[in-house]
Amino acid sequence: MAEGIETERHLTQLHWLGCDAGQGYYFARPIPSEDLLDFLAIQIPCWSVPAVTECHGDRKEPFS
């Protein structure tokens, strides 16, 4: 998990280093908590989020 991603160059460098999760101004500026639900309602349809799985030996199962 990377913190402080501010530019596309930062994101690209982290990707090449194997980092696939992070946050920072590149994605969004801090917002007041009372605005969070409105922000998510606008943003979530734009995100492509793969299913999160947890590995159990040689099989994968979704988190509960």
Side-chain angles (χ1 to χ4, degrees):
M1 170 69 92
E3 181 179 338
I5 301 171
E6 295 186 8
T7 67
E8 187 172 357
R9 183 176 179 188
H10 290 160
L11 183 62
T12 301
Q13 289 172 333
L14 289 163
H15 171 76
W16 284 105
L17 291 169
C19 181
D20 61 358
Q23 64 86 36
Y25 286 169
Y26 178 74
F27 302 106
R29 298 284 182 183
I31 60 172
S33 60
E34 59 269 11
D35 295 337
L36 180 61
L37 292 179
D38 290 336
F39 172 80
L40 292 175
I42 293 167
Q43 294 299 317
I44 287 178
C46 301
W47 297 341
S48 174
V49 180
V52 177
T53 59
E54 180 178 13
C55 189
H56 294 283
D58 60 346
R59 61 192 173 94
K60 290 186 174 182
E61 294 182 358
F63 281 110
S64 36

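For clarity, every value in this text was computed on a predicted model and none was experimentally measured.
- Rounding to the nearest 0.5 Å places CG of L40 at 7.0 Å from CD1 of I31.
- Here the OH-CD1 distance, from Y26 to I5, works out to 9.5 Å after rounding to the nearest 0.5 Å.
- By the neighbour-count criterion of 12 heavy atoms within 6.0 Å, atom CD of E8 is sparsely surrounded, having that number or fewer from other residues, nucleotides or ligands.
- Proximity of a side-chain donor or acceptor of H15 to a complementary backbone N or O of L11 within less than 3.5 Å is not detected.
- Applying the 6.0 Å contact sphere to CZ of F27 captures more than 12 heavy atoms from other residues, nucleotides or ligands.
- Interatomic distance, M1 CE to L14 CG, rounded to the nearest 0.5 Å: 11.5 Å.
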